[in-house]
Amino acid sequence: MRIDKLLANMGYGTRKEVKSLLKGGNVRVNGQPEKSPKTHINTEQDEITVMGEEVEYREFIYIMMNKPGDLISATEDANETTVIDILQPEDSIFNPFPVGRLDKDTEGLLLITNDGQLNHRLTSPKKDVGKTYFAIIEGKVTEKDAEEFSKGVTLDDGYKTKPAELDILVSDDRSEIELTITEGKFHQVKRMFEAVGKKVIYLKRIKMGTLELDPELELGEYRELSDEELDYLFSITNLE
């Protein structure tokens, strides 16, 4: 990779600003001053410093966010605040994007990355990666509903969902449930409950596979995935 592109990607400024850094003698490669923006760098072997500080290059970023219910799952929007808008500059320079999407009013676990291959694998229907939601439902959820969900329910457009696992936590006029689905149709959880005559009034994603939302994360907070969490995601998507 060209050194000007590498430094720009790592947040050291625009290509023009990086060229000024180089011309000013502020950049060293393996201890030697480097002034040419065209110099190619081996990111695995070469040591780069800017003003004496070592540049820790990495290509990808992997983030877990506890999404609040007032942000949209998109990279940009002319009218709404997105999940990318609240990232710190040192994270947003990687140009990450949300993995799949959560409705604007849905809270909880959202993965954000710039690894397109992992994103594709995690959102592919072929992978059957379960997504688990906690929901508060207006109406009494019963074992009959759980049985229907286990067979798949027919949505308002005639689509029959894949089997889903419905765990009833509280069954009352206002019920509490956990639901695991392996696909992500538009407003799917809400439409599944509408199909059995009930209404979702609160929805939060709490798991993807066995990866759980960090309980330490407040709404709107995020952190990078641990090595163990990342290894798990790679394992369920058959990525090395």
Side-chain angles (χ1 to χ4, degrees), residues 1-22 26-27 29 34 37-51 53-68 70-78 80-102 104 108-124 127 129 205 208-209 211 213-214 216-240:
M1 184 184 298
R2 278 177 48 144
I3 192 168
D4 58 347
K5 183 175 188 296
L6 184 151
L7 292 176
N9 286 355
M10 295 307 297
Y12 286 92
T14 63
R15 289 282 188 100
K16 187 176 180 181
E17 290 167 340
V18 166
K19 283 179 183 177
S20 296
L21 267 179
L22 287 157
N26 298 299
V27 181
V29 177
E34 182 53 67
K38 297 180 180 178
T39 298
H40 279 260
I41 297 298
N42 183 324
T43 55
E44 294 183 1
Q45 295 180 4
D46 293 329
E47 180 184 88
I48 308 160
T49 57
V50 175
M51 297 180 183
E53 266 190 34
E54 186 175 351
V55 177
E56 293 185 19
Y57 175 76
R58 56 180 176 155
E59 186 175 2
F60 298 121
I61 188 170
Y62 304 94
I63 286 170
M64 173 191 291
M65 176 182 286
N66 187 358
K67 178 192 167 300
D70 58 353
L71 301 181
I72 63 169
S73 300
T75 53
E76 58 184 354
D77 189 273
E80 305 272 9
T81 303
T82 75
V83 292
I84 302 303
D85 291 334
I86 67 170
L87 297 181
Q88 294 297 313
E90 61 265 27
D91 300 316
S92 60
I93 58 167
F94 286 92
N95 296 318
F97 40 81
V99 175
R101 62 175 56 240
L102 288 178
K104 181 180 176 181
L109 174 61
L110 182 67
L111 299 180
I112 298 173
T113 184
N114 58 344
D115 186 338
Q117 191 176 16
L118 180 62
N119 172 59
H120 175 73
R121 297 283 187 92
L122 283 172
T123 54
S124 169
K127 290 297 176 185
V129 178
R205 184 158 67 189
M208 184 176 283
L211 176 65
L213 176 65
D214 187 337
E216 298 293 316
L217 290 176
E218 299 290 338
L219 284 172
E221 291 185 342
Y222 67 91
R223 65 164 172 80
E224 290 198 46
L225 293 179
S226 68
D227 289 342
E228 291 77 15
E229 290 168 336
L230 201 48
D231 286 345
Y232 167 69
L233 292 180
F234 286 159
S235 73
I236 63 173
T237 55
N238 300 323
L239 287 173
E240 293 296 330

- Item | Spatial distance of atom CD1 (I61) from atom CD (E90) [nearest 0.5 Å] | 8.5 Å
- Task: Output all residues satisfying side-chain contact (heavy atoms from CB on, under 4.5 Å) with K38, sequence neighbours left out; order by chain, then residue number.
- Result: R2, S36
- Pairing residues for E224 by the side chain to side chain donor-acceptor pair (under 3.5 Å) criterion, not counting sequence neighbours: R58
- Does N42 have any side-chain contact (heavy atoms from CB on, under 4.5 Å) partners at least two apart in sequence or in another chain, and if so, which? E44, Q45, D46
- Item | Pairing residues for D214 by the salt bridge (Lys or Arg N to Asp or Glu O under 4.0 Å) criterion, not counting sequence neighbours | R223
- Task: Mind checking salt bridge (Lys or Arg N to Asp or Glu O under 4.0 Å) for K5 and listing every partner two or more places apart, or none if nothing turns up?
- Result: none
- Got a sec, which residues hit side chain to side chain donor-acceptor pair (under 3.5 Å) with Y62, two or more places apart in sequence or on another chain? D115
- Query: Can you list the residues that meet the side-chain contact (heavy atoms from CB on, under 4.5 Å) rule with P98, with sequence neighbours excluded?
  - Reply: S73, T75, V83, I84, L110
- Can you name the residues that form a side chain to side chain donor-acceptor pair (under 3.5 Å) with T39, not counting sequence neighbours? E34
- Taking side chain to side chain donor-acceptor pair (under 3.5 Å) as the test, write out the residues that go with D91, two or more places apart. Y222
- Query: For E47, which residues count as a salt bridge (Lys or Arg N to Asp or Glu O under 4.0 Å) partner, sequence neighbours excluded?
  - Reply: none
- Message: List the residues meeting salt bridge (Lys or Arg N to Asp or Glu O under 4.0 Å) with E17, not counting sequence neighbours, and say none if there are none.
- Response: none
- Task: Please name all residues satisfying side-chain contact (heavy atoms from CB on, under 4.5 Å) with D85, sequence neighbours left out, ordered by chain then number.
- Result: T81, T82
